[in-house]
Amino acid sequence: MSQTRKRRVFPFTAIVGQEEMKLALLLNVIDPRIGGVMIMGDRGTGKSTTIRALADLLPAIDVVAGDPYNSSPLDPDLQSVEVRQRAEQGEELATEQRQVPMVDLPLGATEDRLCGTIDIEKALSEGVRAFEPGLLAKANRGLLYVDEVNLLDDHLVDVLLDSAASGWNTVEREGISVRHPARFVLIGSGNPEEGELRPQLLDRFGMSVEVRTVRDPALRVQVVDQRTSFDADPDRFNDAIQAGQDALQALVVEAQSRLPEVVIDDDLRIRISAVCGELDVDGLRGDIVTNRAARALAAFEGRLEVNDDDVARVVACCLRHRLRKDPLEQIDSGERVVKVFCKVFERPLPTGEAERRAFELALAG
């Protein structure tokens with residue numbers, strides 16, 4: 001790994017616990033079409049640390065030199081209009097390597113800051129289209145992280161989700177229109193105590209994970225020790241686990257290459273849809289995302305065919321946030337998904353708190 005990419009970021013492989021969150025993030029990097037991750041949980045559980053660590057883990061990407069949109073030199077779908085025109089004219093595009101962008105969206109951001117603005121004065125006086133790219137442009141081919149997404153203005157959330165789904169951002173002002181690629185993994189986090197997202201917005205996130213404060217004293221001590229060692233000497237700490245970081249990075253890159261070859265048989269797809277039907281999930285996003293996440297997991301583990309265990313490990317993350325809430329329902333959404341999965345896939349239902357927790361840990365891998 002080149003020294004130019006090295007940042008003082010707590011390494012991904014050193015993060016203790018939170019296996020469900022880490023797996024969901026890795027699967028979205030392997031297949032961004034899953035649709036991002038919504039992370040809900042307690043304060044101080046390492047959400048922001050994990051996301052920054054993920055960006056640092058990923059290999060550098062080739063971009064067209066000087067392009068503000070991180071345009072790919074090879075893939076037309078990841079190129080700005082200007083770069084595509086240059087490529088079509090036969091121009092040889094100079095390239096450079098950049099670290100995968102990780103963009104933080106501040107709570108006070110305006111739509112202009114997010115989407116970009118058009119310099120109307122320059123356009124009228126000089127007759128040229130002058131566009132000031134926003135955060136969506138900077139996040140292209142990277143990660144866009146929104147902390148406290150449940151406190152973000154609903155209109156901005158709509159813009160984010162539309163761009164994440166279409167892969168493009170369009171800005172129109174005073175009859176001038178600019179369109180640029182905006183392919184990114186959308187990651188939102190929040191604390192349920194501070195407000196909930198509207199169900200129709202929550203449904204647009206591919207996966208949802210719940211993070212809880214570590215209660216085991218030994219694990220808490222391990223977390224504190226890891227952080228203390230990192231803060232005391234980041235370079236030495238990173239060097240000590242660099243081999244693990246490189247190995248995980250290689251697995252992710254191989255999984256991205258392997259993904260198109262991974263298949264999921266008809267019987268498994270029918271049972272996934274049966275689970276969604278039993279849970280009365282609206283629309284087909286739940287079916288699609290569960291299929292994609294299971295394929296990404298198989299690719300990550302070096303296999304070309306999805307099995308029942310792959311579905312078991314991703315189904316709760318893909319469906320728990322899509323369920324209709326019943327105020328009289330005492331079972332939380334995660335348990336409802338587990339219950340229906342076990343019924344459809346003919347697995348024994350876990351009984352008792354200890355057994356249920358063991359089952360959840362097994363699904364998290």
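Side-chain atoms are counted along with the backbone in the values below, which use heavy atoms only and exclude waters and symmetry mates.
Considering all non-hydrogen atoms of both residues, Leu93 and Pro73 come closest at CD1-O, 4.2 Å. Annotation for Glu111 and Leu156: closest pair CA-CD2, 3.7 Å, computed over non-hydrogen atoms. Across all non-hydrogen atoms, the minimal contact from Cys276 to Gly286 is SG-C, 3.9 Å. Heavy atoms only, all atoms of each residue included: Ala294 and Val311 are closest at CB-CG2, 4.2 Å. Of all heavy-atom pairs spanning Val337 and Ala316, the tightest one is CG1-CA, 3.7 Å.
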Determine, stepwise, if the pair Asp310 / Arg295 fulfils salt bridge (Lys or Arg N to Asp or Glu O under 4.0 Å). CA-CA 8 Å; Asp310 295 325; Arg295 290 181 65 243; over 6 Å; no
Please determine whether side-chain contact (heavy atoms from CB on, under 4.5 Å) holds for the pair Arg322 and Val289, giving the CA-CA distance in whole Å, both sets of side-chain angles, and the decisive distance to 0.1 Å. CA-CA 11 Å; Arg322 306 180 195 278; Val289 170; 3.6 Å; yes
List the steps, then state whether side-chain contact (heavy atoms from CB on, under 4.5 Å) holds for Asp67 with Ser80. CA-CA 8 Å; Asp67 184 76; Ser80 63; 3.3 Å; yes
Gln245 and Thr13: CA distance, side-chain angles, deciding distance, side chain to side chain donor-acceptor pair (under 3.5 Å) verdict: CA-CA 6 Å; Gln245 287 278 103; Thr13 53; 3.0 Å; yes
Between Ile187 and Val146, is a side-chain contact (heavy atoms from CB on, under 4.5 Å) present by the stated rule, with each step listed? CA-CA 6 Å; Ile187 305 167; Val146 189; over 6 Å; no
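Heavy-atom neighbours of Glu91 CD from other residues, nucleotides or ligands within 6.0 Å: above the threshold of 12.
Interatomic distance, Asn169 CG to Phe184 CZ, rounded to the nearest 0.5 Å: 8.5 Å. In this structure, Phe300 CZ and Glu254 CD are separated by 10.5 Å, a value rounded to the nearest 0.5 Å. How far CG of Leu25 is from CD1 of Ile30: 11.0 Å, rounded to the nearest 0.5 Å. For the atom pair CZ (Arg320) and CE (Met38), the distance works out to 12.0 Å, reported to the nearest 0.5 Å. Here Leu186 contributes atom CG and Leu136 contributes atom CG; the two are 9.5 Å apart, rounded to the nearest 0.5 Å. Taking CG of Leu297 as the start and CG of Asp309 as the end, the distance is 9.5 Å to the nearest 0.5 Å.
Side-chain contact between Leu152 and Leu105 is present, with at least one heavy-atom pair separated by less than 4.5 Å. Between Lys22 and Thr50, some side-chain heavy-atom pair lies under the 4.5 Å cut-off. Asn28 places none of its side-chain heavy atoms less than 4.5 Å from the side chain of Pro32. Phe205 places none of its side-chain heavy atoms less than 4.5 Å from the side chain of Val37. At least one side-chain heavy atom of Thr110 sits under 4.5 Å from a side-chain heavy atom of Arg113. Asp62 is not listed as a side-chain neighbour of Glu96, based on a closest heavy-atom distance of 4.5 Å or more. Under the 4.5 Å side-chain criterion, counting only non-hydrogen atoms from C-beta, Pro133 is in contact with Tyr69. With a 4.5 Å cut-off on side-chain heavy atoms, Arg86 and Val64 count as touching.
With salt bridges taken as basic N to acidic carboxylate O contacts below 4.0 Å, one links Arg271 and Asp267. Arg313 and Glu301 are joined by a salt bridge, as a carboxylate oxygen and a charged side-chain nitrogen come within less than 4.0 angstrom of each other. Classification of Glu261 and Arg258 as a salt-bridged pair fails, no side-chain N sitting under 4.0 Å from a carboxylate O.
With 3.5 Å as the limit, one finds a donor-acceptor pair spanning the side chains of Gln99 and Asp56. For Asp287 and Ser273, the side-chain atoms include at least one donor-acceptor pair closer than 3.5 Å. In summary, the side chains of Asp246 and Gln242 do present a donor paired with an acceptor at a separation below 3.5 Å, with no hydrogens or angles considered.
The ring pair (Phe, Tyr, Trp, His ring centres under 6.0 Å) test applied to Phe230 returns Phe10, Phe237, not counting sequence neighbours.
The side-chain contact (heavy atoms from CB on, under 4.5 Å) test with Glu305 is passed by exactly one of Leu268, Ile264, Val263, Val262: Val263. A side-chain hydrogen bond (donor to acceptor under 3.5 Å, both in side chains) with Asn70 is found for one member of Arg98, Gln79, Arg141, Lys138 and no other, namely Arg98.
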